[in-house]
Participant: 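What follows is a structure written as structure tokens; I'll ask about it next.
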2 protein chains.
Amino acid sequence: MEHRIEKIKKQLHSHSYKLTPQREATVRVLLEREDDHLSAEDVYLLVKEKSPEIGLATVYRTLELLSELKIVDKINFGDGVSRYDLRKEGAKHFHHHLVCIECGSVEEIENDLLGEVEQIVENDWGFEVKDHRLTFHGICRQCQAAAVKEDVQKATP
Amino acid sequence: MEHRIEKIKKQLHSHSYKLTPQREATVRVLLEREDDHLSAEDVYLLVKEKSPEIGLATVYRTLELLSELKIVDKINFGDGVSRYDLRKEGAKHFHHHLVCIECGSVEEIENDLLGEVEQIVENDWGFEVKDHRLTFHGICRQCQAAAVKEDVQKATP
DNA sequence: TTATTAATAATAATCATTACAAACTAATAT
DNA sequence: ATATTAGTTTGTAATGATTATTATTAATAA
Ligand SMILES: [Mn+2]
Ligand SMILES: [Mn+2]
Ligand SMILES: [Zn+2]
Ligand SMILES: [Zn+2]
């Protein structure tokens, strides 16, 4: 944890930004909830628990800054809000997501998987890939199991 | 054009919706600007040119409906608005996009490219893929060329 | 110390989207 | 033909996320 904070502190310094107490509090929340996909409001409420004096605008500003420095990625799953997702340690590219259209759960894939596809895009389209956003929409393992169970019930009532 | 309209009309009918004049006007705009990525406001203004009596709320409702029926896909490139993108004729999956971080241009890729990756996701994550969203961020051909030119100028002033 | 600058908090303003109420249309039943 | 109904549209108000503004505070430099 402290290690990650130190690293982020350095990234900020290298762009002549400071790790203010508010920024640190925000980063700590993001680290604590690394697997979640929090909205700005979510982050704000969580930061407020430990640092009640923080303002919503500051959280927005901090998230925006972290986003510019590629420390977090701003994503949008189609509900009306932006969500902020910490980059995995040392990751060069943003990770992928599996969104279940039944239950809304979001799973993460850290494996890159797109190496070949990016080669094709660079070669055939002449496009120099810097980053990507990949989300699969479908049915998660749990919902598949639930559907099978329901079918069985219908077949043998 | 008429052929596409007919097909969409049938898709609506099969879900017991009608192709009202307003819906048809909206669809026509989407067909005419198939390669663009229009916001609801964009669509509204374009429809208004030919059918000045249409209301903004109707356009939103129509786009929402077309989106539910998978006739258009609702996407978000990170600016604050949703954009509505007609599915390519007969396409089972949504197409991909190349967004240039220099000039903002958006190019389309109709080739699927993700067959293998989806296999891996299904096998290794047990996730049943129904659709996907893939966007590459990077430098488009034009901006690459422009950058090279600039470098040459700097080297030989 | 005093001046300068960066960062924050509180709040107002903006802007995309949605909700709502009244009017309209087309289809169906009487 | 007339009344009824469900579905649709319009214009506008309301909502809600995000951004801009302004006064204040903290940090830094002169
Ligand atoms: Mn994630
Ligand atoms: Mn497209
Ligand atoms: Zn699920
Ligand atoms: Zn470009």
Side-chain angles (χ1 to χ4, degrees), chain A residues 8-9 11-30 37-69 71-85, chain B residues 8-9 11-29 36-69 71-85:
Chain A
I8 290 168
K9 187 174 184 175
Q11 288 179 267
L12 284 166
H13 284 169
S14 79
H15 293 263
S16 43
Y17 292 110
K18 282 171 284 192
L19 184 65
T20 64
Q22 290 88 341
R23 286 173 184 165
E24 181 170 342
T26 304
V27 168
R28 279 186 190 280
V29 162
L30 292 174
H37 300 90
L38 305 173
S39 69
E41 182 87 22
D42 294 338
V43 174
Y44 171 61
L45 293 173
L46 287 165
V47 175
K48 232 170 153 36
E49 287 176 9
K50 303 235 172 124
S51 312
E53 74 294 348
I54 200 165
L56 175 58
T58 301
V59 170
Y60 268 102
R61 254 189 325 256
T62 301
L63 292 171
E64 194 57 37
L65 176 61
L66 295 173
S67 187
E68 272 164 31
L69 301 187
I71 294 166
V72 307
D73 285 291
K74 191 176 178 178
I75 42 174
N76 194 299
F77 287 133
D79 52 346
V81 294
S82 295
R83 297 178 179 279
Y84 298 84
D85 204 357
Chain B
I8 290 169
K9 187 173 183 175
Q11 287 179 267
L12 285 166
H13 284 168
S14 80
H15 292 262
S16 43
Y17 291 110
K18 282 172 282 191
L19 184 65
T20 64
Q22 290 87 343
R23 286 174 184 165
E24 181 171 339
T26 304
V27 168
R28 278 184 190 280
V29 163
D36 293 346
H37 299 91
L38 305 172
S39 69
E41 183 86 23
D42 294 338
V43 174
Y44 171 61
L45 292 173
L46 288 166
V47 175
K48 232 171 152 39
E49 287 177 10
K50 302 235 174 123
S51 315
E53 74 295 348
I54 200 165
L56 176 58
T58 300
V59 170
Y60 268 102
R61 252 190 324 258
T62 300
L63 291 171
E64 194 58 38
L65 177 61
L66 295 173
S67 186
E68 273 165 32
L69 301 189
I71 294 166
V72 307
D73 285 291
K74 191 176 179 178
I75 42 175
N76 194 299
F77 287 132
D79 51 347
V81 295
S82 296
R83 297 181 179 277
Y84 298 84
D85 204 359

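Here is the naming used below: chain letters follow the sequence lines, and residue numbers restart at 1 for every chain.
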Participant: Run the ring pair (Phe, Tyr, Trp, His ring centres under 6.0 Å) test against H13(B) and tell me which residues pass, sequence neighbours left out.
Facilitator: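 In terms of ring pair (Phe, Tyr, Trp, His ring centres under 6.0 Å), with neighbours along the sequence ignored, H13(B) is linked to no residue.
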Participant: For T58(A), enumerate each residue passing the side chain to side chain donor-acceptor pair (under 3.5 Å) test, keeping only those at least two apart in sequence or located in another chain.
Facilitator: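 Expected list: R61(A).
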Participant: Using a cut-off of 4.0 Å between protein heavy atoms and nucleotide atoms, how would you tag nucleotides 9-22 of chain D 5' to 3' with B, S and -?
Facilitator: BBB-----SBBB--
Participant: side-chain contact (heavy atoms from CB on, under 4.5 Å) with S67(B): which residues, sequence neighbours excluded?
Facilitator: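 Listed in chain order: V72(B), K74(B).
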Participant: Could you list the donor-acceptor pairs under 3.5 angstrom formed by side chains in residues 16-25 of chain A, with sequence neighbours left out?
Facilitator:
| residue | atom | partner | partner atom | Å |
| --- | --- | --- | --- | --- |
| T20(A) | OG1 | R23(A) | N | 3.1 |
| R23(A) | NH1 | K18(A) | O | 2.7 |
| E24(A) | OE2 | R28(A) | NE | 3.1 |
| E24(A) | OE2 | R28(A) | NH2 | 2.8 |

Participant: What residues form a side-chain contact (heavy atoms from CB on, under 4.5 Å) with A40(B), not counting sequence neighbours?
Facilitator: Y60(B), L63(B), Y84(B)
Participant: Got a sec, which residues hit side chain to side chain donor-acceptor pair (under 3.5 Å) with D85(A), two or more places apart in sequence or on another chain?
Facilitator: H37(A), H95(A), H97(A)
Participant: With a 4.0 angstrom cut-off to heavy atoms of chain B, pull out the first and last contacting nucleotide of DNA chain C, in 5'-to-3' order.
Facilitator: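 Counting from the 5' end, contacts occupy dA16(C) to dA19(C).
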Participant: So which pairs with a foot in residues 43-56 of chain B pass salt bridge (charged side-chain N to carboxylate O under 4.0 Å, His left out), sequence neighbours left out?
Facilitator: E32(B)-K50(B)
